[in-house]
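Order of appearance sets the numbers: ligands from 1, and atoms from 1 within every ligand.
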Amino acid sequence: MSPSEPGPDPDASLVAEIERLRRRLDRERSARREAERIAEDATRSSIEDPLTGLANRTLLAANLENELARAARYDRDVALFYLDLDRFKLINDTYGHDAGDELLRGVADALRATMRASDTIGRLGGDEFMVIVSDIGEPDALRLAGRIADAVESITPESTGGIGCRASIGVAMLRGRTDLDPADFVRQADTAMYAAKQAGAEVRLFDDDLLTESDEKRDLRRALPHAISDDELVVHHQPIVDLTSHRVIGFEALTRWRQPDGSLLMPDIFIPTAEESGLIGDVGELVARKAAQDLVAWQRRHHDTDAIVAINASPRELDRPGYAHRVTLAAEEAGLHPDKLIVEVTETAIMEAGQVAEDNLRALRSVGIRVALDDFGTGFSSINRLRSNAFDVLKIDRSFVANVADRSDDRAVITAIVALAGIFDVKVVAEGIETEAQLDAVTELGCHAAQGRLFAMAAPIDEVAGPLDFV
Ligand code: C2E
Ligand code: MG
Ligand code: MG
């Protein structure tokens, strides 16, 4: 055998084997790293707010529980900050979601820059943030809250052309209590935040005086934004009947809030909350749009394009620039002629009306939308107001109608209102007609139209009366 015939080189095959093993090891290592990365991502996304990188609700709740336990053990005070941005929704609506996101990230950065690494900073969702600070006294906590407010106010996002927003911050202090439930602690900070917002203050410390907001009211306030976005507000219509012809001349649109169990919450319960929390503008806009669409549908179905619909405006709505424009747009988009729309305002709203409200009323009437003075007789509107020719309709409050059949003073009041209306050439609608006797009385006293249970209560537009149902 020739020595030049080489067998397999033992070194070379060893090298190849080692290389193979090394590659396998590499593959396994990178697979493990990938698995670890995925696990880490999963953990992070379950405790981290993806938009801002701050703690999410889950992590906030866990850390708060820890801090409360530690505070009890080491006798340290804990401060809880509940932060809500003012005007955030307006910015989001005006400049778009990207601008809103930029602002939220800016707030997160401002919070990170202001707080210590040991504090927990989190986002509860929307424009609400929470900070947990342990081992801090009340004066320092309040100073810190003031610094947060300043930091938030100094954010000037590019996408809004530098327009930022203010924060309302509620501060709750643990003060050595060992029996306080974390959820109650959060509720205290939230209550303080809301008090700050209502007072137009940046910071408010929780104290027991603030406990006047009932649980029920707070639940309403928390749920209302969802009612609007999830389309839980419905509009029902109460027929308004002409007292000469007994034809249905139109409807008053009244809003209701459909509850998860199917029941309807009435406006007297939630409209005040909508007013206080600044959501009344959104409610009103929604009602205006639905009311206009509903009426157009009814007009088509009954071939009656004369029918009108009346919507209610609360003082807070009337006081917002652009109200008249939004209502006009709602009618336009539904294809409803503006002179078939009536806006009902209460006497109180008129008495409180500032320049903006006056401008809105004028703007409404300039496009042909009529204005009714609602619940007339219960407020203090002066004859001067009527004389200024700012109204088209007076609605007599049902408290005067209730006893009109047997109380001469109530009859006298209605007689006077009708006379006044005649002088200023406005129509009179009697509200809350429940009996034939009341109907006869208000007819005899010269009211032009009426609404009330005797005819029909408010109902979905598909179920309401046709034009001739009461003739
Ligand atoms: P309002 O504008 O004076 O509306 C008339 C209220 O009287 C309605 O109550 C109606 O259901 C009720 N009613 C009608 N006929 C009778 C009757 O024969 N007997 C009795 N006892 N009551 C009758 P509702 O729907 O509970 O609304 C209460 C108030 O809530 C309204 O008073 C109005 O001020 C306000 N509201 C309703 N919808 C809206 C809305 O979309 N926006 C605003 N800002 N306020 C609204
Ligand atoms: Mg009304
Ligand atoms: Mg009324």
Enquirer: If you count heavy atoms of other groups shown closer than 6.0 angstrom to CZ of Arg300, is the number above 12?
Expert: no
Enquirer: Before signing off on this row, confirm whether Asp375 and ligand 1 have an N or O atom pair separated by under 3.5 Å.
Expert: yes
Enquirer: Looking at Arg316 and Glu275, is any side-chain nitrogen of the basic one under 4.0 Å from a carboxylate oxygen of the acidic one?
Expert: no
Enquirer: Quick check on contacts: which atoms of ligand 1 are under 4.0 angstrom from a heavy atom of Gly432?
Expert: 16 (C), 17 (C), 18 (O)
Enquirer: Pick one: which of Arg222, Arg57, Arg123 meets salt bridge (charged side-chain N to carboxylate O under 4.0 Å, His left out) with Glu128?
Expert: Arg222
Enquirer: Under 4.0 Å, heavy-atom basis, I'd like to know which part of Lys395 is in contact with ligand 1: side chain, backbone, both or neither.
Expert: neither
Enquirer: With the Mg ion (ligand 2) as the point of reference, which N/O/S atom of Asp374 is the closest?
Expert: OD2
Enquirer: Using a 4.0 Å heavy-atom threshold (strictly under), name the region of Val287 that reaches ligand 1: side chain, backbone, both or neither.
Expert: side chain
Enquirer: Which of the listed options, Gln238, Arg398, Glu431, holds the heavy atom that is closest to atom 12 (C) of ligand 1?
Expert: Arg398
Enquirer: Report the part of Arg256 (side chain from C-beta onward, or backbone N, CA, C, O) that has a heavy atom under 4.0 Å from ligand 1; answer both or neither where that applies.
Expert: side chain
Enquirer: Any atoms of ligand 1 less than 4.0 Å from a non-hydrogen atom of Glu317? List them with their elements.
Expert: 44 (N)
Enquirer: Measure the distances from the heavy atoms of Gln451 to every atom of ligand 1 and state whether one is below 4.0 angstrom.
Expert: no
Enquirer: Below 4.0 angstrom from a heavy atom of Asp268, which ligand 1 atoms are there? Numbered from 1 as shown, please.
Expert: 28 (C), 29 (C), 30 (O)
Enquirer: Side chains of Asp359 and Gln355: do they bring a donor and an acceptor to under 3.5 Å?
Expert: yes
Enquirer: Glu275: heavy atom below 4.0 Å from ligand 1, yes or no?
Expert: no
Enquirer: Does the cation-pi check pass for Arg221 over Tyr194, that is, NZ or CZ under 6.0 Å from the six-membered ring centre and within 45° of its axis?
Expert: yes
Enquirer: Counting heavy atoms only, name the option from Pro267, Ala310, Ala288 that's nearest to atom 26 (O) of ligand 1.
Expert: Pro267
Enquirer: Can you name the closest pair of heavy atoms from Ile163 and Pro157 and give their distance?
Expert: O-CD, 3.5 Å
Enquirer: Tell me, do Glu444 and Arg411 make a side-chain contact under 4.5 Å, heavy atoms counted?
Expert: yes
Enquirer: Which ligand 1 atoms are under 4.0 Å away from a heavy-atom of Glu434?
Expert: 17 (C), 18 (O), 19 (N), 20 (C), 21 (N)
Enquirer: Under 4.0 Å between a side-chain nitrogen and a carboxylate oxygen: does that hold for Asp242 and Lys427?
Expert: no
Enquirer: Check each of Gln451, His236, Gln238 against Glu252 using the side chain to side chain donor-acceptor pair (under 3.5 Å) test, and report the only one that passes.
Expert: Gln451
Enquirer: Closer than 4.0 Å to some heavy atom of Thr255 - which atoms of ligand 1 meet that?
Expert: 38 (N), 39 (C), 40 (C), 41 (O)
Enquirer: Trp298: what forms a ring-ring contact (aromatic ring centres under 6.0 Å, His included) with it, not counting sequence neighbours?
Expert: Phe251, His302
Enquirer: Mark up the atoms of ligand 1 that fall under 4.0 Å of a heavy atom belonging to Asp374, in ascending order.
Expert: 1 (P), 2 (O), 3 (O)
Enquirer: Does Ile155 reach the side chain of Leu103, with side-chain heavy atoms less than 4.5 Å apart?
Expert: yes
Enquirer: Donor-acceptor pair, distance only, cut-off 3.5 Å: does the side chain of Arg177 make one with the backbone of Leu174?
Expert: yes
Enquirer: Which option out of Thr435, Val235, Leu254, Ile433 puts a heavy atom nearest to atom 10 (C) of ligand 1?
Expert: Leu254
Enquirer: For Ser314, counting its heavy atoms only, list the atoms of ligand 1 lying under 4.0 Å from any of them.
Expert: 44 (N)
Enquirer: With sequence neighbours excluded, tell me which residues meet ring-ring contact (aromatic ring centres under 6.0 Å, His included) with Phe270.
Expert: Trp257
Enquirer: Determine, using heavy atoms of Gly284 and all atoms of ligand 1, whether some pair is separated by less than 4.0 Å.
Expert: no
Enquirer: Can you list the ligand 1 atoms lying under 4.0 Å from a non-hydrogen atom of Arg453?
Expert: 15 (N), 17 (C), 18 (O)
Enquirer: How open is the angle at the Mg ion (ligand 2) from atom OD1 of Asn312 over to atom OE1 of Glu344, rounded to 10 degrees?
Expert: 90°
Enquirer: Using 2.8 Å as the threshold, say whether any N, O or S atom from Glu252 sits that close to the Mg ion (ligand 2).
Expert: yes
